[in-house]
Amino acid sequence: MVEIKKLLIDGAWMDGEPGVQRLVSTNPATGAVNHEVAAAGAQFAAAAVASAHKACRQPGWRDMLPADRARILYRIAEGIESHSEEMSRLQMLENGKVWKECVAQVRSAAATFRYYAGVCETLGSEVTPARGNYLSMAVYEAYGVVVAITPWNSPMTMEAQKIAPALAAGNAVILKPSEVTPSTGLLLGRIALEAGLPPGILNVLPGWGHEVGAALVAHPQVRLVSFTGGTESGRRIAQVAAAKLMPVALELGGKSPHIVFDDADLDLAVESIAGGIFEGSGQSCVAGSRAFVQRGVYDEVLRQLVARARAIAVNLPDQANAQMGPMASFAHRDKVASMVAEAIAQGATAECGASAPQDAALAAGAFYLPTILTGMRNDDAIAQQEIFGPVLCLMPFDDEADLVEQANASVFGLASGIWTGSYQRAWRVARALEAGTVWINTYKQLSIATPFGGFKDSGIGREKGIQGLRLYQQAKGIFFGM
Ligand code: NAD
(Lines give C-alpha, C1' and ligand atoms only; values in the text may rest on other atoms or scores of the structure.)
Protein backbone atom coordinates (compact mmCIF):
# COMPACT_ATOMS: atom_id res chain seq x y z
CA MET A 1 0.00 0.00 0.00
CA VAL A 2 1.40 3.36 -0.99
CA GLU A 3 1.20 5.96 1.79
CA ILE A 4 -0.91 9.04 0.99
CA LYS A 5 0.28 12.16 2.78
CA LYS A 6 -2.32 14.74 3.80
CA LEU A 7 -2.13 18.50 3.39
CA LEU A 8 -2.49 21.13 6.12
CA ILE A 9 -5.22 23.78 6.34
CA ASP A 10 -6.18 25.58 9.54
CA GLY A 11 -4.28 23.14 11.71
CA ALA A 12 -6.15 20.13 10.27
CA TRP A 13 -4.75 17.36 8.08
CA MET A 14 -6.90 16.87 4.98
CA ASP A 15 -7.27 14.57 2.01
CA GLY A 16 -6.78 16.19 -1.38
CA GLU A 17 -9.30 18.41 -3.10
CA PRO A 18 -11.85 16.36 -5.06
CA GLY A 19 -11.07 16.42 -8.78
CA VAL A 20 -7.42 17.44 -8.33
CA GLN A 21 -4.80 14.89 -9.37
CA ARG A 22 -2.69 13.61 -6.45
CA LEU A 23 1.08 14.05 -6.59
CA VAL A 24 3.13 10.88 -7.01
CA SER A 25 6.49 11.25 -5.30
CA THR A 26 9.12 9.22 -7.15
CA ASN A 27 12.66 8.42 -6.03
CA PRO A 28 14.87 9.68 -8.88
CA ALA A 29 17.71 7.36 -7.83
CA THR A 30 15.67 4.21 -8.43
CA GLY A 31 12.40 5.11 -10.16
CA ALA A 32 10.43 3.63 -7.24
CA VAL A 33 7.31 5.38 -5.94
CA ASN A 34 7.97 6.85 -2.46
CA HIS A 35 4.41 7.87 -1.56
CA GLU A 36 1.53 9.93 -2.89
CA VAL A 37 0.59 13.39 -1.68
CA ALA A 38 -2.85 15.00 -1.42
CA ALA A 39 -3.08 17.97 -3.76
CA ALA A 40 -4.99 21.23 -3.38
CA GLY A 41 -6.75 23.15 -6.14
CA ALA A 42 -8.58 26.48 -6.31
CA GLN A 43 -11.19 25.58 -3.64
CA PHE A 44 -8.62 24.55 -1.07
CA ALA A 45 -6.57 27.61 -1.95
CA ALA A 46 -9.58 29.76 -1.03
CA ALA A 47 -10.09 27.80 2.20
CA ALA A 48 -6.43 28.22 3.15
CA VAL A 49 -6.53 31.97 2.45
CA ALA A 50 -9.68 32.29 4.58
CA SER A 51 -7.97 30.39 7.40
CA ALA A 52 -4.78 32.46 7.17
CA HIS A 53 -6.71 35.74 6.89
CA LYS A 54 -8.67 34.95 10.05
CA ALA A 55 -5.68 33.57 11.97
CA CYS A 56 -3.41 36.56 11.39
CA ARG A 57 -6.11 38.93 12.71
CA GLN A 58 -6.53 37.08 15.99
CA PRO A 59 -5.10 39.16 18.84
CA GLY A 60 -3.22 36.03 20.00
CA TRP A 61 -1.02 36.30 16.88
CA ARG A 62 -1.41 39.92 15.78
CA ASP A 63 -0.51 41.36 19.19
CA MET A 64 1.94 38.67 20.23
CA LEU A 65 5.09 40.28 21.60
CA PRO A 66 8.12 39.80 19.36
CA ALA A 67 9.92 37.93 22.14
CA ASP A 68 7.06 35.42 22.28
CA ARG A 69 7.00 35.03 18.49
CA ALA A 70 10.74 34.47 18.67
CA ARG A 71 10.20 31.76 21.28
CA ILE A 72 7.99 29.84 18.79
CA LEU A 73 10.62 30.24 16.06
CA TYR A 74 13.31 28.89 18.41
CA ARG A 75 11.08 25.90 19.14
CA ILE A 76 10.57 25.30 15.40
CA ALA A 77 14.38 25.31 15.00
CA GLU A 78 14.65 22.70 17.73
CA GLY A 79 11.86 20.67 16.12
CA ILE A 80 13.67 20.70 12.77
CA GLU A 81 16.83 19.45 14.44
CA SER A 82 15.04 16.73 16.34
CA HIS A 83 13.42 15.57 13.05
CA SER A 84 16.69 15.91 11.13
CA GLU A 85 16.86 12.25 10.12
CA GLU A 86 13.28 12.16 8.80
CA MET A 87 13.54 15.50 7.02
CA SER A 88 16.88 14.67 5.36
CA ARG A 89 15.51 11.35 4.24
CA LEU A 90 12.38 12.89 2.74
CA GLN A 91 14.44 15.33 0.69
CA MET A 92 16.88 12.62 -0.42
CA LEU A 93 14.02 10.36 -1.53
CA GLU A 94 12.25 13.13 -3.43
CA ASN A 95 15.05 15.04 -5.17
CA GLY A 96 18.01 12.65 -4.97
CA LYS A 97 20.44 14.98 -3.17
CA VAL A 98 23.28 13.10 -1.51
CA TRP A 99 22.76 12.35 2.17
CA LYS A 100 25.41 14.63 3.66
CA GLU A 101 24.07 17.60 1.69
CA CYS A 102 20.54 16.86 2.93
CA VAL A 103 21.76 16.76 6.53
CA ALA A 104 23.64 20.04 6.06
CA GLN A 105 20.52 21.65 4.60
CA VAL A 106 18.37 20.58 7.55
CA ARG A 107 20.94 22.17 9.85
CA SER A 108 20.84 25.32 7.74
CA ALA A 109 17.01 25.43 7.85
CA ALA A 110 17.08 25.24 11.67
CA ALA A 111 19.73 27.98 11.79
CA THR A 112 17.51 30.18 9.62
CA PHE A 113 14.66 29.94 12.13
CA ARG A 114 17.09 30.82 14.95
CA TYR A 115 18.50 33.77 13.02
CA TYR A 116 15.04 35.25 12.39
CA ALA A 117 14.01 34.60 15.99
CA GLY A 118 16.96 36.82 16.92
CA VAL A 119 16.08 39.47 14.33
CA CYS A 120 12.45 39.39 15.47
CA GLU A 121 13.42 40.09 19.06
CA THR A 122 15.90 42.85 18.31
CA LEU A 123 14.68 44.75 15.24
CA GLY A 124 12.72 47.77 16.38
CA SER A 125 10.74 50.72 15.15
CA GLU A 126 12.45 54.07 14.53
CA VAL A 127 11.99 57.59 15.72
CA THR A 128 12.47 59.73 12.62
CA PRO A 129 14.02 63.25 12.71
CA ALA A 130 11.27 65.74 13.53
CA ARG A 131 10.76 68.71 11.17
CA GLY A 132 8.27 70.47 13.46
CA ASN A 133 6.61 70.25 16.86
CA TYR A 134 5.80 66.56 16.73
CA LEU A 135 7.23 63.14 17.43
CA SER A 136 7.40 61.01 14.28
CA MET A 137 8.00 57.30 14.01
CA ALA A 138 8.36 54.54 11.47
CA VAL A 139 6.76 51.27 12.57
CA TYR A 140 6.74 48.08 10.54
CA GLU A 141 3.66 45.92 10.19
CA ALA A 142 2.82 42.57 8.67
CA TYR A 143 1.09 42.37 5.28
CA GLY A 144 -1.34 39.69 6.45
CA VAL A 145 -1.53 36.66 4.18
CA VAL A 146 1.74 35.83 2.46
CA VAL A 147 2.20 33.01 -0.08
CA ALA A 148 5.57 31.23 -0.33
CA ILE A 149 6.15 29.21 -3.51
CA THR A 150 9.25 27.01 -3.67
CA PRO A 151 11.16 24.86 -6.20
CA TRP A 152 12.44 21.31 -5.88
CA ASN A 153 16.21 21.69 -5.75
CA SER A 154 16.64 22.72 -2.09
CA PRO A 155 13.15 22.75 -0.61
CA MET A 156 14.08 22.84 3.09
CA THR A 157 16.42 25.80 2.91
CA MET A 158 14.15 27.77 0.54
CA GLU A 159 11.10 27.12 2.69
CA ALA A 160 12.90 28.15 5.86
CA GLN A 161 14.27 31.32 4.30
CA LYS A 162 10.76 32.45 3.37
CA ILE A 163 8.65 31.12 6.24
CA ALA A 164 10.92 32.12 9.13
CA PRO A 165 11.11 35.85 8.28
CA ALA A 166 7.46 36.01 7.18
CA LEU A 167 6.35 34.59 10.56
CA ALA A 168 8.86 36.74 12.45
CA ALA A 169 7.27 39.74 10.72
CA GLY A 170 3.84 38.71 12.01
CA ASN A 171 2.22 37.35 8.84
CA ALA A 172 0.29 34.14 8.19
CA VAL A 173 1.94 32.02 5.51
CA ILE A 174 0.61 29.61 2.92
CA LEU A 175 3.38 27.39 1.60
CA LYS A 176 2.98 25.95 -1.91
CA PRO A 177 5.90 23.51 -2.23
CA SER A 178 7.09 22.10 -5.55
CA GLU A 179 5.11 19.18 -6.96
CA VAL A 180 8.41 17.21 -7.01
CA THR A 181 9.28 17.80 -3.32
CA PRO A 182 6.09 18.34 -1.31
CA SER A 183 6.99 16.37 1.82
CA THR A 184 9.58 18.41 3.71
CA GLY A 185 7.14 21.33 3.77
CA LEU A 186 4.41 19.10 5.19
CA LEU A 187 6.80 17.93 7.91
CA LEU A 188 7.69 21.55 8.65
CA GLY A 189 3.95 22.25 9.04
CA ARG A 190 3.72 19.49 11.63
CA ILE A 191 6.79 20.75 13.49
CA ALA A 192 5.39 24.30 13.54
CA LEU A 193 2.09 23.13 15.06
CA GLU A 194 3.97 21.13 17.69
CA ALA A 195 6.05 24.25 18.43
CA GLY A 196 2.89 26.15 19.32
CA LEU A 197 2.23 28.12 16.13
CA PRO A 198 -1.51 28.87 16.11
CA PRO A 199 -3.57 26.89 13.55
CA GLY A 200 -3.94 28.75 10.23
CA ILE A 201 -0.71 30.74 10.64
CA LEU A 202 1.10 28.18 8.47
CA ASN A 203 -0.94 26.24 5.91
CA VAL A 204 0.83 23.84 3.55
CA LEU A 205 -0.78 23.21 0.17
CA PRO A 206 0.99 20.81 -2.17
CA GLY A 207 -0.38 20.80 -5.70
CA TRP A 208 0.24 21.92 -9.24
CA GLY A 209 1.67 25.33 -10.02
CA HIS A 210 -0.96 26.18 -12.65
CA GLU A 211 -3.80 25.13 -10.30
CA VAL A 212 -3.27 25.85 -6.61
CA GLY A 213 -0.21 28.06 -7.24
CA ALA A 214 -2.01 30.30 -9.72
CA ALA A 215 -5.17 30.42 -7.54
CA LEU A 216 -3.18 31.55 -4.51
CA VAL A 217 -1.30 34.25 -6.43
CA ALA A 218 -4.54 35.65 -7.88
CA HIS A 219 -6.51 35.62 -4.60
CA PRO A 220 -7.42 39.18 -3.55
CA GLN A 221 -6.66 38.56 0.15
CA VAL A 222 -3.11 37.40 -0.59
CA ARG A 223 -1.02 40.55 -0.09
CA LEU A 224 2.49 39.34 -0.97
CA VAL A 225 4.02 36.43 -2.88
CA SER A 226 7.56 35.25 -2.26
CA PHE A 227 8.56 32.99 -5.13
CA THR A 228 11.66 30.96 -5.93
CA GLY A 229 11.72 29.10 -9.22
CA GLY A 230 12.16 29.50 -12.94
CA THR A 231 12.23 32.88 -14.68
CA GLU A 232 9.17 32.19 -16.86
CA SER A 233 7.00 31.16 -13.87
CA GLY A 234 8.26 34.26 -12.04
CA ARG A 235 7.31 36.48 -14.96
CA ARG A 236 3.76 35.04 -15.02
CA ILE A 237 3.38 35.61 -11.28
CA ALA A 238 4.67 39.18 -11.62
CA GLN A 239 2.04 39.89 -14.30
CA VAL A 240 -0.79 38.75 -12.02
CA ALA A 241 0.74 40.69 -9.13
CA ALA A 242 0.95 43.86 -11.24
CA ALA A 243 -2.79 43.75 -11.88
CA LYS A 244 -3.41 43.38 -8.10
CA LEU A 245 -0.75 45.98 -7.21
CA MET A 246 0.78 43.32 -4.97
CA PRO A 247 4.50 43.27 -4.12
CA VAL A 248 6.42 40.15 -5.10
CA ALA A 249 9.84 38.81 -4.24
CA LEU A 250 11.24 36.73 -7.09
CA GLU A 251 14.34 34.56 -6.83
CA LEU A 252 14.80 33.19 -10.34
CA GLY A 253 17.26 31.43 -12.60
CA GLY A 254 20.92 32.04 -13.32
CA LYS A 255 23.83 31.40 -15.67
CA SER A 256 26.56 32.51 -13.36
CA PRO A 257 30.09 33.25 -14.60
CA HIS A 258 32.95 31.66 -12.67
CA ILE A 259 36.12 33.49 -13.69
CA VAL A 260 39.79 32.48 -13.49
CA PHE A 261 42.53 35.03 -14.14
CA ASP A 262 46.03 33.83 -14.97
CA ASP A 263 47.39 35.01 -11.58
CA ALA A 264 44.94 32.84 -9.61
CA ASP A 265 45.75 29.86 -7.41
CA LEU A 266 44.78 27.34 -10.10
CA ASP A 267 44.39 24.34 -7.81
CA LEU A 268 41.87 26.16 -5.63
CA ALA A 269 40.14 27.68 -8.65
CA VAL A 270 39.71 24.30 -10.32
CA GLU A 271 38.35 22.74 -7.15
CA SER A 272 35.93 25.64 -6.80
CA ILE A 273 34.74 25.49 -10.42
CA ALA A 274 34.09 21.75 -10.14
CA GLY A 275 32.21 22.18 -6.85
CA GLY A 276 30.36 25.22 -8.18
CA ILE A 277 28.81 23.30 -11.05
CA PHE A 278 28.73 19.63 -10.05
CA GLU A 279 27.53 19.83 -6.41
CA GLY A 280 23.85 18.96 -6.26
CA SER A 281 24.17 17.69 -9.87
CA GLY A 282 24.28 21.33 -10.99
CA GLN A 283 20.70 21.86 -9.84
CA SER A 284 21.49 25.06 -8.05
CA CYS A 285 20.36 28.54 -9.00
CA VAL A 286 23.88 29.85 -8.28
CA ALA A 287 25.70 27.05 -10.14
CA GLY A 288 28.79 28.48 -11.84
CA SER A 289 27.65 27.18 -15.21
CA ARG A 290 29.81 29.44 -17.42
CA ALA A 291 33.52 29.25 -16.61
CA PHE A 292 35.70 31.94 -18.19
CA VAL A 293 39.42 31.18 -18.05
CA GLN A 294 42.19 33.54 -19.15
CA ARG A 295 43.78 32.20 -22.32
CA GLY A 296 47.30 31.64 -20.92
CA VAL A 297 46.06 29.13 -18.31
CA TYR A 298 43.05 27.80 -20.24
CA ASP A 299 44.60 24.48 -21.37
CA GLU A 300 45.93 23.70 -17.90
CA VAL A 301 42.59 24.50 -16.23
CA LEU A 302 40.73 22.39 -18.80
CA ARG A 303 43.08 19.45 -18.19
CA GLN A 304 42.69 19.64 -14.41
CA LEU A 305 38.93 20.14 -14.59
CA VAL A 306 38.37 17.13 -16.81
CA ALA A 307 40.45 14.98 -14.44
CA ARG A 308 38.40 16.21 -11.49
CA ALA A 309 35.06 15.73 -13.22
CA ARG A 310 35.96 12.15 -14.15
CA ALA A 311 36.94 11.41 -10.54
CA ILE A 312 33.61 12.53 -9.06
CA ALA A 313 31.81 9.59 -7.41
CA VAL A 314 28.37 9.48 -9.02
CA ASN A 315 26.35 7.07 -6.91
CA LEU A 316 23.08 6.36 -5.13
CA PRO A 317 22.60 9.31 -2.77
CA ASP A 318 22.52 7.20 0.39
CA GLN A 319 25.97 5.73 -0.30
CA ALA A 320 28.75 7.13 1.88
CA ASN A 321 31.07 7.84 -1.05
CA ALA A 322 28.43 9.58 -3.20
CA GLN A 323 29.54 13.04 -4.30
CA MET A 324 26.84 13.42 -6.93
CA GLY A 325 23.43 11.76 -6.97
CA PRO A 326 20.82 11.64 -9.72
CA MET A 327 18.99 14.58 -11.25
CA ALA A 328 15.75 15.35 -9.39
CA SER A 329 13.48 13.77 -11.99
CA PHE A 330 13.62 11.70 -15.14
CA ALA A 331 11.94 14.44 -17.19
CA HIS A 332 14.58 16.92 -16.05
CA ARG A 333 17.47 14.52 -16.80
CA ASP A 334 16.10 13.98 -20.30
CA LYS A 335 15.81 17.73 -20.85
CA VAL A 336 19.43 18.27 -19.78
CA ALA A 337 20.58 15.42 -22.05
CA SER A 338 18.75 16.89 -25.04
CA MET A 339 20.23 20.37 -24.43
CA VAL A 340 23.72 18.85 -24.40
CA ALA A 341 23.04 16.79 -27.54
CA GLU A 342 21.79 19.90 -29.33
CA ALA A 343 24.91 21.86 -28.32
CA ILE A 344 27.15 19.08 -29.64
CA ALA A 345 25.16 19.03 -32.89
CA GLN A 346 25.78 22.80 -33.12
CA GLY A 347 29.56 22.29 -32.81
CA ALA A 348 30.39 22.14 -29.10
CA THR A 349 32.83 19.47 -27.87
CA ALA A 350 32.09 17.25 -24.88
CA GLU A 351 35.41 16.92 -23.00
CA CYS A 352 33.81 14.44 -20.58
CA GLY A 353 30.39 13.13 -19.58
CA ALA A 354 27.50 13.96 -21.89
CA SER A 355 25.82 10.65 -21.06
CA ALA A 356 24.31 8.60 -18.27
CA PRO A 357 26.78 6.44 -16.29
CA GLN A 358 27.33 2.85 -17.47
CA ASP A 359 27.14 1.40 -13.94
CA ALA A 360 24.30 -1.19 -13.83
CA ALA A 361 23.47 -0.22 -10.21
CA LEU A 362 22.48 3.25 -11.44
CA ALA A 363 20.62 2.18 -14.57
CA ALA A 364 17.14 2.65 -13.07
CA GLY A 365 17.86 6.20 -11.85
CA ALA A 366 17.86 9.66 -13.48
CA PHE A 367 21.65 9.94 -13.45
CA TYR A 368 23.82 12.08 -15.72
CA LEU A 369 27.60 12.33 -15.67
CA PRO A 370 29.55 15.52 -14.93
CA THR A 371 29.90 17.16 -18.32
CA ILE A 372 32.32 19.79 -19.61
CA LEU A 373 31.60 21.45 -22.94
CA THR A 374 34.08 23.56 -24.92
CA GLY A 375 34.13 25.12 -28.36
CA MET A 376 30.99 27.21 -27.95
CA ARG A 377 30.65 30.99 -28.05
CA ASN A 378 29.16 32.94 -25.17
CA ASP A 379 26.19 33.88 -27.35
CA ASP A 380 25.38 30.26 -28.27
CA ALA A 381 22.16 28.88 -26.78
CA ILE A 382 23.98 26.43 -24.51
CA ALA A 383 25.99 29.28 -22.93
CA GLN A 384 22.93 31.48 -22.54
CA GLN A 385 20.12 29.19 -21.39
CA GLU A 386 19.92 27.88 -17.84
CA ILE A 387 20.57 24.11 -18.02
CA PHE A 388 20.18 23.41 -14.28
CA GLY A 389 22.28 20.28 -14.56
CA PRO A 390 25.90 19.12 -14.17
CA VAL A 391 27.01 20.81 -17.37
CA LEU A 392 29.85 23.34 -17.50
CA CYS A 393 30.41 25.64 -20.50
CA LEU A 394 34.15 26.46 -20.50
CA MET A 395 35.30 29.47 -22.51
CA PRO A 396 38.57 31.43 -22.81
CA PHE A 397 38.97 35.20 -22.46
CA ASP A 398 41.80 37.57 -23.30
CA ASP A 399 41.76 40.48 -20.88
CA GLU A 400 39.65 42.13 -18.20
CA ALA A 401 37.56 44.22 -20.58
CA ASP A 402 36.79 41.20 -22.77
CA LEU A 403 35.90 39.19 -19.65
CA VAL A 404 33.52 41.77 -18.19
CA GLU A 405 31.74 42.14 -21.51
CA GLN A 406 31.26 38.38 -21.93
CA ALA A 407 30.31 37.76 -18.29
CA ASN A 408 27.63 40.45 -18.41
CA ALA A 409 26.30 39.37 -21.82
CA SER A 410 23.50 37.30 -20.28
CA VAL A 411 19.88 37.97 -19.39
CA PHE A 412 20.67 36.58 -15.92
CA GLY A 413 22.53 38.23 -13.05
CA LEU A 414 22.32 36.00 -10.01
CA ALA A 415 25.87 35.17 -8.92
CA SER A 416 29.50 35.18 -10.04
CA GLY A 417 32.94 34.11 -8.88
CA ILE A 418 36.40 35.63 -9.44
CA TRP A 419 39.74 33.89 -8.91
CA THR A 420 42.73 36.23 -8.95
CA GLY A 421 45.81 37.10 -6.90
CA SER A 422 45.17 40.83 -7.29
CA TYR A 423 42.78 42.46 -4.83
CA GLN A 424 42.64 45.59 -6.99
CA ARG A 425 41.46 43.56 -9.96
CA ALA A 426 39.06 41.57 -7.78
CA TRP A 427 37.47 44.83 -6.60
CA ARG A 428 37.26 46.34 -10.10
CA VAL A 429 35.71 43.24 -11.62
CA ALA A 430 33.37 42.67 -8.66
CA ARG A 431 31.97 46.18 -9.12
CA ALA A 432 31.66 45.73 -12.89
CA LEU A 433 29.78 42.41 -12.80
CA GLU A 434 26.00 42.59 -13.07
CA ALA A 435 25.19 40.03 -10.38
CA GLY A 436 23.48 39.97 -6.99
CA THR A 437 26.36 38.05 -5.41
CA VAL A 438 30.10 38.14 -6.18
CA TRP A 439 32.42 35.60 -4.62
CA ILE A 440 36.15 36.43 -4.61
CA ASN A 441 38.54 33.52 -4.22
CA THR A 442 35.65 31.41 -2.95
CA TYR A 443 32.33 30.22 -4.37
CA LYS A 444 28.86 29.25 -3.18
CA GLN A 445 29.36 30.70 0.29
CA LEU A 446 25.84 31.46 1.44
CA SER A 447 24.88 33.08 4.72
CA ILE A 448 21.47 33.77 6.17
CA ALA A 449 22.89 37.08 7.43
CA THR A 450 23.80 38.42 3.96
CA PRO A 451 21.22 39.65 1.41
CA PHE A 452 20.67 37.39 -1.57
CA GLY A 453 18.90 38.01 -4.86
CA GLY A 454 19.31 38.65 -8.53
CA PHE A 455 19.97 41.42 -11.03
CA LYS A 456 18.13 41.45 -14.39
CA ASP A 457 16.07 38.32 -15.16
CA SER A 458 17.38 36.61 -12.03
CA GLY A 459 14.81 38.31 -9.87
CA ILE A 460 13.37 41.17 -7.87
CA GLY A 461 13.95 41.84 -4.18
CA ARG A 462 16.40 40.45 -1.65
CA GLU A 463 15.90 37.62 0.81
CA LYS A 464 18.01 36.87 3.89
CA GLY A 465 19.61 39.29 6.30
CA ILE A 466 17.67 41.99 8.12
CA GLN A 467 16.16 43.11 4.80
CA GLY A 468 14.84 39.56 4.55
CA LEU A 469 12.48 40.33 7.43
CA ARG A 470 11.60 43.83 6.23
CA LEU A 471 10.56 42.23 2.93
CA TYR A 472 7.54 40.83 4.78
CA GLN A 473 6.57 44.11 6.45
CA GLN A 474 5.20 47.46 5.35
CA ALA A 475 6.33 50.70 6.93
CA LYS A 476 3.80 52.99 8.58
CA GLY A 477 4.53 56.58 9.62
CA ILE A 478 2.99 57.74 12.92
CA PHE A 479 2.98 61.35 14.16
CA PHE A 480 2.24 62.52 17.74
CA GLY A 481 1.42 66.25 17.87
CA MET A 482 3.33 67.99 20.68
P1 NAD B 1 9.26 26.31 -11.55
O2 NAD B 1 9.22 27.76 -11.87
O3 NAD B 1 8.78 25.35 -12.54
O4 NAD B 1 8.39 26.02 -10.24
C5 NAD B 1 8.67 26.64 -9.00
C6 NAD B 1 7.41 26.63 -8.17
O7 NAD B 1 6.44 27.49 -8.78
C8 NAD B 1 6.72 25.27 -8.05
O9 NAD B 1 6.22 25.13 -6.75
C10 NAD B 1 5.60 25.37 -9.07
O11 NAD B 1 4.52 24.53 -8.78
C12 NAD B 1 5.20 26.82 -8.93
N13 NAD B 1 4.55 27.43 -10.09
C14 NAD B 1 4.80 27.20 -11.40
N15 NAD B 1 4.00 27.98 -12.16
C16 NAD B 1 3.25 28.72 -11.32
C17 NAD B 1 2.24 29.72 -11.50
N18 NAD B 1 1.85 30.12 -12.71
N19 NAD B 1 1.69 30.27 -10.42
C20 NAD B 1 2.08 29.91 -9.19
N21 NAD B 1 3.00 28.96 -8.95
C22 NAD B 1 3.60 28.38 -10.00
O23 NAD B 1 10.76 26.01 -11.11
P24 NAD B 1 11.40 24.60 -10.70
O25 NAD B 1 11.59 23.81 -11.95
O26 NAD B 1 10.65 23.99 -9.57
O27 NAD B 1 12.80 25.07 -10.12
C28 NAD B 1 13.91 25.30 -10.91
C29 NAD B 1 14.11 26.78 -11.16
O30 NAD B 1 14.18 27.47 -9.91
C31 NAD B 1 15.40 27.10 -11.87
O32 NAD B 1 15.19 28.06 -12.87
C33 NAD B 1 16.27 27.69 -10.78
O34 NAD B 1 17.28 28.55 -11.23
C35 NAD B 1 15.28 28.38 -9.94
N36 NAD B 1 15.80 28.59 -8.59
C37 NAD B 1 16.15 29.85 -8.21
C38 NAD B 1 16.70 30.07 -6.95
C39 NAD B 1 17.08 31.45 -6.48
O40 NAD B 1 17.22 31.64 -5.28
N41 NAD B 1 17.27 32.42 -7.35
C42 NAD B 1 16.87 29.00 -6.09
C43 NAD B 1 16.52 27.72 -6.52
C44 NAD B 1 15.96 27.54 -7.77
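These numbers come from the heavy atoms of this one structure, side chains and all, not from hydrogens, waters or symmetry mates. For ligands, and for the atoms within them, numbers begin at 1 and follow the listed sequence.
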Query raised in the report: Tyr443 and His258: aromatic ring centres closer than 6.0 Å?
Result: yes
Checking the N or O distance criterion of under 3.5 Å, is ligand 1 in contact with [X]?
X	value
Trp208	no
Ile149	no
Thr150	yes
His210	no
Glu386	yes
Glu179	yes
Phe388	no
Gly229	yes

Query raised in the report: Any luck finding a side-chain donor-acceptor pair between Glu94 and Ser25 under 3.5 Å?
Result: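 Indeed, the side chains of Glu94 and Ser25 share at least one donor-acceptor pair under 3.5 Å.
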**Report entry** Short side-chain donor-acceptor distance under 3.5 Å, Arg470 and Gln473
**Finding:**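 Distance-only check passes for Gln473 and Arg470.
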Query - contact_flag Ala214 ligand 1 heavy-atom lt 4.0 Å - result: yes
Query raised in the report: Is the closest heavy atom of Glu232 to ligand 1 under 4.0 Å?
Result: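 No heavy atom of Glu232 comes that close to ligand 1.
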What I want to find out is whether [X] reaches [Y] closely enough, with some N-O distance under 4.0 Å, to be called a salt bridge.
X	Y	answer
Glu179	Lys176	yes
Glu463	Lys162	yes
Asp318	Arg89	no
Glu36	Lys5	no

With heavy-atom distances below 4.0 Å as the criterion, list the atoms of ligand 1 near [X].
X	answer
Phe452	40 (O)
Asn153	43 (C), 44 (C)
Lys176	8 (C), 9 (O), 10 (C), 11 (O)
Ser178	9 (O)
Pro177	9 (O)
Met158	42 (C), 43 (C)

Requested in this report: May I have the step-by-step check of side-chain contact (heavy atoms from CB on, under 4.5 Å) for Thr450 and Lys464, ending in yes or no?
Outcome: CA-CA 6 Å; Thr450 308; Lys464 303 188 175 181; over 6 Å; no
Considering non-hydrogen atoms of the protein only, which is the closest contact for [atom], and what is the distance?
atom	value
atom 20 (C) of ligand 1	Gly213 C, 3.3 Å
atom 23 (O) of ligand 1	Gly230 N, 3.3 Å
atom 3 (O) of ligand 1	Ser233 OG, 3.8 Å
atom 37 (C) of ligand 1	Leu252 O, 3.0 Å
atom 27 (O) of ligand 1	Pro151 CB, 3.3 Å
atom 25 (O) of ligand 1	Trp152 NE1, 3.0 Å
atom 36 (N) of ligand 1	Cys285 CB, 3.7 Å
atom 18 (N) of ligand 1	Arg236 NE, 3.9 Å

**Report entry** Under-4.0 Å heavy-atom contact with ligand 1, by part of Val180 that carries it
**Finding:**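 Near ligand 1, Val180 shows nothing, with every heavy atom at 4.0 Å or more.
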**Report entry** Proximity to ligand 1 by part of Val286, non-hydrogen separation under 4.0 Å
**Finding:** neither
Requested in this report: Return the set of residues passing ring-ring contact (aromatic ring centres under 6.0 Å, His included) with Phe388 (not counting sequence neighbours), or none when no residue passes.
Outcome: Trp152
With rounding to the nearest 0.5 Å, note down the distance linking [atom1] in [X] to [atom2] in [Y].
X	Y	atom1	atom2	result
Glu86	Ile191	CD	CD1	7.5 Å
Met158	Asn153	CE	CG	5.0 Å
Cys352	Leu369	SG	CG	8.5 Å
Glu81	Arg107	CD	CZ	8.5 Å

Query raised in the report: Just checking, Lys255 and Phe412: is the charged tip under 6.0 Å from the six-membered ring centre and within 45° of the axis?
Result: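 Lys255 over Phe412 ring: no.
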Query raised in the report: Cationic tip of Arg69 within the cone over Trp61's six-membered ring, i.e. under 6.0 Å and within 45° of the normal?
Result: yes
